[in-house]
Amino acid sequence: MECFSIDDNKSARFSLRDLLIVLSLVILVFCVYFTGLGNLEFFRHTEADRVLIAWGMVESGNYVIPSILGAEIFTKPPLFYWLVAGAIMLLDSVQECVVRLPNVIFASLLVMVQYLTLRKVGFNYFFSAVGALFLASCGQFFLLTGTAEIDLVFVFFCSVSLYLMFFALNKPSLKILIFSYIFSALAFLTKGYPIIGLVGGITLAYWISSRIFKRESLKGKASNLEFLEVHPISFGKFVVWNLCGACVFLGLIGIWIYFVLNHEYGWNYLSEYVNGEFNKRIVSNGREESVFFYLPAALINTAPWSIFLVLGLGSFLLNKFSHFSRHKTVTNITTTQTQANQEAPVATLPDRNYFQSDICREFFIFNLVGLVMGIILLSIPAGKAERYFAPLLGVTSNLILFGVWQLFYRKPTLISNKKKIFSILAIIFILVLARGVMVYPIAKYRNQQWTVKPFISLMQRSLPAEAPIYFEMGTVERWVAYYLKRDGRKVFILTSQLVEERKNHDGDSYVIVSFNAWQKLSSKFNQNGIEYKEVASNVHQLSGKNSSRRAVVLIKLNNADLDQLPSKQYIEWI
């Protein structure tokens with residue numbers, strides 16, 4: 001069998017070999033990424049946020065509006081928190097490996113989806129497996145899978161939605177389009193509004209391109225290639241179908257919104273979400289990254305395989321887009337005798353410069369439009385970060401595979417059966433090696449340099465056993481609160497309401513603030529005659545980048561002194 005072939009309508013269905021390959025890929029990815037999953041302390045303070053929110057859901061039974069340490073947090077929708085809460089309840093643990101487990105599971109499922117999609121558009125077993133492994137072993141995939149962050153789950157739902165939308169427009173099929181919107185709704189419940197711009201923008205741009213260039217199909221040229229009919233749907237059908245999909249999308253997210261609005265803090269939650277996630281992040285965010293930020297990010301995040309993207313697209317452009325000359329594409333279609341162990345019919349080409357099928361060509365265009373349009377949409381907000389590129393990992397990995405095909409498939413002798421096996425083993429070796437490098441040496445070094453556990457132990461020795469701790473969230477890394485809570489301490493976010501409540505209690509209050517905040521706060525305390533004591537600090541242990549966030553001070557305050565202050569004024573000082 002050639003490295004790339006056209007499957008007819010029957011052989012487009014998945015076979016037993018596909019099932020075995022999928023199981024092998026899923027088991028491989030799960031085992032590689034689960035290995036050493038708990039060795040690395042939390043990578044970012046938002047990891048602690050996710051866990052504390054999910055943990056709070058389990059303890060409070062409130063799965064509608066996320067809260068963190070007793071205070072509502074107006075940020076992402078709750079689906080990812082539900083997944084982490086499920087892992088916590090199932091395994092009865094909040095260890096790092098447990099709360100990161102949902103990402104490992106969804107990473108395995110994403111690789112499965114990648115393989116099945118490539119098979120469906122015509123790639124054979126070998127190329128489909130290689131394409132899936134490209135995704136599973138690129139740089140950003142490593143980072144996201146090993147953390148308790150939202151992005152990897154969002155990537156899964158976003159990728160499935162995009163792939164289903166591609167098939168819906170080219171089949172065409174309203175049923176597949178509805179399923180695409182269902183996964184878009186799940187993506188919205190994971191991370192919110194970004195899915196609307198990404199899937200909506202890419203879909204519209206792809207449909208417009210198909211109408212402008214009106215690419216012909218193989219219909220009438222090869223009746224046995226029924227699955228490969230490709231033709232753009234009309235404007236009216238495109239609008240009506242997407243309106244139906246939008247109704248399904250709004251209906252699904254509307255169920256959650258209904259429960260939110262029936263909650264005590266419902267309207268506040270929605271307004272704060274819009275203000276925090278839309279106005280602040282898109283309109284008024286003060287970051288100053290270049291508008292071209294995501295161009296190098298695309299290459300960095302998909303390294304080391306991005307070299308094939310650059311070389312492959314360069315070779316493609318040098319051929320003056322000859323791939324789109326449909327009269328050159330299929331020159332001979334042969335039908336072989338179908339026997340027990342054979343696959344047929346297949347299309348054969350004398351010149352491997354050209355796409356072999358409409359569906360393959362359209363898939364290339366869809367991924368190219370997806371990457372370009374995705375980068376444009378991501379570049380609009382003022383706030384930019386490399387992890388925001390994650391939803392485009394799938395389409396970029398597909399373009400990398402096209403680059404490999406463009407570079408090597410024209411000379412099939414370069415890819416003998418032995419070299420196929422060697423290529424797969426090499427990719428697996430790189431995947432395992434890179435994972436090992438990240439988990440063990442880096443984890444050991446980073447845990448020594450960034451750990452807050454010695455300071456946690458110091459605080460534990462300095463505090464009365466039942467004393468609650470109030471945590472100033474704005475400038476302190478939240479894994480301090482996570483480890484204290486995991487060790488059995490009562491930890492709360494410091495709010496005006498909590499300060500007011502503490503005024504009615506005898507004894508002392510213990511508050512954790514960042515060193516920078518403490519410098520301002522101590523002067524205010526001195527001016528107002530409030531007694532305080534520095535119980536513990538890790539300032540002398542820290543230096544370098546981000547030390548201002550990790551430098552923490554534990555102070556003790558007498559509740560009687562708090563009566564002198566308005567609660568809001570106290571919070572404003574911090």
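Owing to the predicted nature of the structure, the values given are computational and were not obtained by experimental measurement. Note: hydrogens, waters and symmetry copies are ignored here, and every other heavy atom, side chains too, is used.
- Side-chain contact between Val113 and Ser159 is absent, with no heavy atoms from C-beta onward closer than 4.5 Å.
- For the pair Leu392 and Tyr294, the minimum side-chain heavy-atom distance is 4.5 Å or more.
- With hydrogens and angles ignored, the 3.5 Å screen pairs no side-chain donor or acceptor of Asn301 with any backbone N or O of Ala390.
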Any chance you could lay out the side-chain contact (heavy atoms from CB on, under 4.5 Å) test for Met459 and Ile512, step after step, and finish with the verdict?
CA-CA 10 Å; Met459 284 194 289; Ile512 301 175; 3.9 Å; yes
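- The nearest pair of heavy atoms linking Val22 to Tyr115 is CG2-CD2, 3.4 Å.
- Distance alone, capped at 3.5 Å, is enough to place a donor-acceptor pair between the Arg100 side chain and the Gly146 backbone.
- Annotation: side chain of Val26 is not in contact with side chain of Leu109 (no heavy-atom distance under 4.5 Å).
- Qualifying ring pair (Phe, Tyr, Trp, His ring centres under 6.0 Å) partners for Tyr482, counting only residues two or more places apart in sequence or in other chains: Phe42.
- Listed for the Glu47 side chain is a donor-acceptor partner under 3.5 Å among the backbone atoms of Ala148.
- Between Pro391 and Val155 the shortest heavy-atom distance is N-CG2, 3.8 Å.
- In this structure a side-chain-to-backbone donor-acceptor pair under 3.5 Å is present from Trp82 to Tyr63.
- Looking at Ser397 and Trp305, their side chains never bring a donor and an acceptor atom within 3.5 Å of each other.
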Residue pair Thr46, Glu149: steps toward the side-chain contact (heavy atoms from CB on, under 4.5 Å) verdict:
CA-CA 7 Å; Thr46 48; Glu149 286 285 11; 2.3 Å; yes
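- By the neighbour-count criterion of 12 heavy atoms within 6.0 Å, atom NZ of Lys490 is sparsely surrounded, having that number or fewer from other residues, nucleotides or ligands.
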Please walk me through it: do Asn103 and Leu144 pass side-chain contact (heavy atoms from CB on, under 4.5 Å)?
CA-CA 8 Å; Asn103 270 357; Leu144 295 180; 5.7 Å; no
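- No side-chain heavy atom of Ile300 sits under 4.5 Å from any side-chain heavy atom of Gln140.
- Annotation: Tyr483, atom OH; neighbour count of heavy atoms from other residues, nucleotides and ligands within 6.0 Å is above 12.
- Put simply, the side chain of Lys485 reaches to within 4.5 Å of the side chain of Leu69, judged on heavy atoms.
- Summarising the geometry of Lys191 relative to Asp151, their closest heavy-atom pair is NZ-OD1, 2.8 Å, with the distance given to 0.1 Å.
- Side-chain rings of Phe80 and Phe154 stay apart, their centers remaining 6.0 Å or farther from each other.
- Side chain of Tyr81 to backbone of Gly56: no donor-acceptor contact under 3.5 angstrom is found.
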Do Phe249 and Ile196 pass the side-chain contact (heavy atoms from CB on, under 4.5 Å) test, and can you show the C-alpha distance, the side-chain angles, and the key distance before you say yes or no?
CA-CA 10 Å; Phe249 175 87; Ile196 300 174; 4.1 Å; yes
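- Under the 4.5 Å side-chain criterion, counting only non-hydrogen atoms from C-beta, Leu110 is in contact with Phe141.
- Ring centroids of Phe157 and Phe106 are separated by less than 6.0 Å, placing the two rings close together.
- With hydrogens and angles ignored, the 3.5 Å screen pairs no side-chain donor or acceptor of Ser514 with any backbone N or O of Val552.
- Side-chain contact between Leu101 and Phe30: present, with at least one pair of heavy atoms (C-beta onward) separated by less than 4.5 Å.
- Counting only heavy atoms from C-beta outward, the side chains of Arg489 and Leu463 approach each other to under 4.5 Å.
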